[in-house]
4 protein chains.
Amino acid sequence: MPKDTFFNLSESKRGRVVAAAIDEFASYPFHKASVTRIIKKAGIASGSFYQYFEDKKDLYMYIIKLIGDKKMEYLNYVLQRFDSLDFFQMLRELYLAGIRFARDNPKLDAIGNNLIKNSDQLYKDIIGDQKPMAIHFFEEMLQKGIEKGGVDPAIDTRLVAEMLLAINLSISELIYEDGQVNMNDMELIDKMLYVIENGIRKKR
Amino acid sequence: MPKDTFFNLSESKRGRVVAAAIDEFASYPFHKASVTRIIKKAGIASGSFYQYFEDKKDLYMYIIKLIGDKKMEYLNYVLQRFDSLDFFQMLRELYLAGIRFARDNPKLDAIGNNLIKNSDQLYKDIIGDQKPMAIHFFEEMLQKGIEKGGVDPAIDTRLVAEMLLAINLSISELIYEDGQVNMNDMELIDKMLYVIENGIRKKR
Amino acid sequence: MPKDTFFNLSESKRGRVVAAAIDEFASYPFHKASVTRIIKKAGIASGSFYQYFEDKKDLYMYIIKLIGDKKMEYLNYVLQRFDSLDFFQMLRELYLAGIRFARDNPKLDAIGNNLIKNSDQLYKDIIGDQKPMAIHFFEEMLQKGIEKGGVDPAIDTRLVAEMLLAINLSISELIYEDGQVNMNDMELIDKMLYVIENGIRKKR
Amino acid sequence: MPKDTFFNLSESKRGRVVAAAIDEFASYPFHKASVTRIIKKAGIASGSFYQYFEDKKDLYMYIIKLIGDKKMEYLNYVLQRFDSLDFFQMLRELYLAGIRFARDNPKLDAIGNNLIKNSDQLYKDIIGDQKPMAIHFFEEMLQKGIEKGGVDPAIDTRLVAEMLLAINLSISELIYEDGQVNMNDMELIDKMLYVIENGIRKKR
DNA sequence: GATGAATGAGGATTCATTCAT
DNA sequence: TATGAATGAATCCTCATTCAT
């Protein structure tokens, strides 16, 4: 947690620090990210940095938290309708929210993706339970879908949850493939959902 | 590419260097991996290292190439039957080969996974065309499957290729989840393929 | 010397600052003692510190002075009887007073001892004339003892004064040896004085 | 312990490093002693320093060991005659050896004295058993003196050992008092021994 | 080809002190 | 008078790489 001194800062300076950190962590993995560069970009003294944060990790974790909060803003709208939507509607909305978040906040998305996919112990420490929680959430969705009748009860919910998460995480890469957007969000989602719903076996 | 001096080395010394490098890169991300540690583990002089390799990246890329070659050994058996197997048989064999590779070579698998998932620019440089090639391969498989009639022609082959790759990459994590194996390979593959083939919509 | 602002402070706040400083200087040598820690312990603003004191050294010297004053309280009773006691009675009382001071004020004693024994230039600056004065005092005592007839006139008073001071300074270490008290004060003093009076040559 | 690389150094360079370190540690307490200054004085690269030593403490401990070895050179001559000398002859020789060491190696003496007197935990760690061992040695000398008949059996040997050590440690300060030498070694020793042998009570 | 000492830019972090409010 | 954010030189230390032997 950043120290009080950080939160007492003027909004503009705090914003500069956050922006500099986001820039840095989007460009370099944690160990290569340089406090010195962040300091320079933010235009603060090195001593100040350590009056705001315990250390580099403290700042990194704060940025991760910001990312989580920001992502939640995108997801909240969907989550509130957890009970009124059926499974496939819900999944569509979730993927869509993820895409929108990635489009609006490409750097945050990059940092977040790097974190969740990385197998480094440091990253595992930081990410903590978030990945298991995400899987659990998908599994619950599937369970409910089975109960309501929309989802095939023959599937292994845990396994499918992992598959859906893997696909979810690959979406932002899909979007920026080759640095250009190939299709619009809706089209992308529709095509993905078609496959998820129906599989890829030829229908008779 | 390592220099000629490296390939002129006695097999045992070359082996020590490779083993040390694999150990190191499996334990640390590129930037944290230490040339000094590799040198010590391999029992060579630091000067020698730079007579074998341009720099750390040169060694890393060589290891990546070794991993690719090794993986090919596992895949070749499948690829040779590209024409005789139908799409789903092929996919099953590919996933299975991937699992076997991961089980037999956990360190290589770790290095490879870390590489392909990482969004770091450095890693992108190193991985080069491999990911696009993998996607392209899946896409071709799908095309052929459509032509042969087993695969639904309504799908977007490129998109599905990406999805299949994302799932493929998540497999080794599935296997080692919680440090324990939850189901046997066949069961895992079967359940995954069931979903891929049929989707998760309830059948009437 | 602390600034006027410090002496204008409420007694409670001044006391907090002094206590925090004593704590700190008893725990760390001057260079390692941290103004920041003192500030925190005392609950004052860092800016305030420099409105009370010139710098860290200023505070340190003030604490040293406090220690001197405190020690004088213990010695005054003895010094007042300078004329009525003979040399050995006087020495006994002085050592005893020193022991009592150390027992009652272990932190002050620790700071003082560290100061007087240290050969660091900084410490020499701070301690100034105090050590020469102490030696001078012992020397005068010896002179008077010789005149009165109790003390052997063959000794080199200056040298013996130094020896007596060296012994005096080692007393507090003796007391706390191994963190435990080995003998009571009187016994300790008696045994020391016996040696000082009679030396260690076997008597015929 | 310094690394092999240090001992493989040319004598001249090793000498420069040692001289620079002695200079530095004689001028500053451990925490204030600067690796950077040592590096500059010795004319080596900062990286080299850490190829020779684990860290600053490693170098410091090595210097302490050098001091011990050097002091032993001065004491060995005396110690070899442990059995042939009586207590007071022995004590005289020991003090004399100490004085000679201090005169010949003032910087080493300063470092050593600072170490043994300092109450800092770091210094205690480094000095380890050396002080107890010194006291023990004095105590044994006293015991033997009592058995042989030269030393007063009424004394508390442990206490006197501590007193003798305290005096021993104060000798080098005596010598350099006011930066000038007041008397020659023999005279100093004789006067000290006179007091130690006979005490300071007037003889009838 | 082998060696391993030498290099030095760069790393994160500390801390006494200043100064604007 | 009180505050506490700002400062930046200085701290120890790391590490990939070079180069003379």
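A, B, ... follow the sequence lines: proteins, then strands. Residue 1 opens every chain.
Looking at Ser46(C) and Thr36(C), their side chains never come closer than 4.5 Å, going by heavy atoms from C-beta outward. At least one side-chain heavy atom of Asp58(B) sits under 4.5 Å from a side-chain heavy atom of Pro2(B). Within the 4.5 Å cutoff, the side chain of Ile64(C) has heavy atoms near those of the Gln130(C) side chain. Using a 4.5 Å heavy-atom threshold, the side chains of Lys32(C) and Lys32(D) count as separate.
Taking a 4.0 Å limit (strictly below) on heavy-atom distances, residues 52-63 of chain D reaches DNA chain F at Asp55(D), Lys56(D). Near DNA chain F, meaning a heavy atom under 4.0 Å from it, residues 17-47 of chain C has Ala45(C), Ser46(C), Gly47(C) in order of number.
In this structure, CG of Leu9(D) is placed 8 Å from C1' of dA5(E), rounded to the nearest angstrom. Here dA9(E) presents its C1' atom at 18 Å from CZ of Phe49(D), a figure rounded to the nearest Å. The distance from atom CZ of Arg16(A) to atom C1' of dA6(F) is 12 Å, rounded to the nearest whole Å. Computed from coordinates, the Lys3(B) NZ to dT17(F) C1' distance equals 11 Å when rounded to whole Å.
A cation-pi geometry, defined here as NZ or CZ lying under 6.0 Å from the six-membered ring centre and within 45° of its normal, holds between Lys56(A) and Phe30(A). Cation-pi geometry between Arg37(A) and Tyr28(A) is met: under 6.0 angstrom from the ring centre, within 45 degrees of the axis.
The nearest heavy atom of DNA chain E to Thr5(B) and to Gln51(A) marks one nucleotide each, and the one closer to the 5' end goes with Thr5(B).
Aromatic ring centres of Phe6(A) and Tyr62(A) lie closer together than 6.0 Å.
Residue Asn8(A) is in sugar-phosphate contact alone, with no base atom involved, counting any heavy-atom pair closer than 4.0 Å across all strands shown.
Closest to the Tyr50(A) side chain, of the nucleotides dA12(E), dT3(E), dA6(F), is dA12(E). Of the candidates dT7(F), dG4(E), dT7(E), dT7(F) carries the atom nearest the Ser48(A) side chain, counting heavy atoms from C-beta on.
The main-chain N or O of Lys57(C) is found under 3.5 Å from a side-chain atom of Asp55(C) such that the two form a donor-acceptor pair.
One finds a side-chain N or O of Lys13(C) lying less than 4.0 angstrom from the OP1 or OP2 phosphate oxygen of dA2(F).
Nearest heavy atom pair, residue Gly43(D) against residue Arg16(D), reads O-NH2, 3.7 Å. A pairwise comparison of heavy atoms in Ile63(B) and Ala21(B) identifies CD1-CB, 3.8 Å as the closest pair.
One axis for each end of the helix from dA2(E)-dT21(F) to dT21(E)-dA2(F), each built from five base pairs, and the angle between them comes to 10° at 10° resolution.
Paired with Tyr52(B) under the rule side-chain contact (heavy atoms from CB on, under 4.5 Å), one option of Lys3(B), Lys13(B), Arg14(B) passes, and it is Lys13(B).
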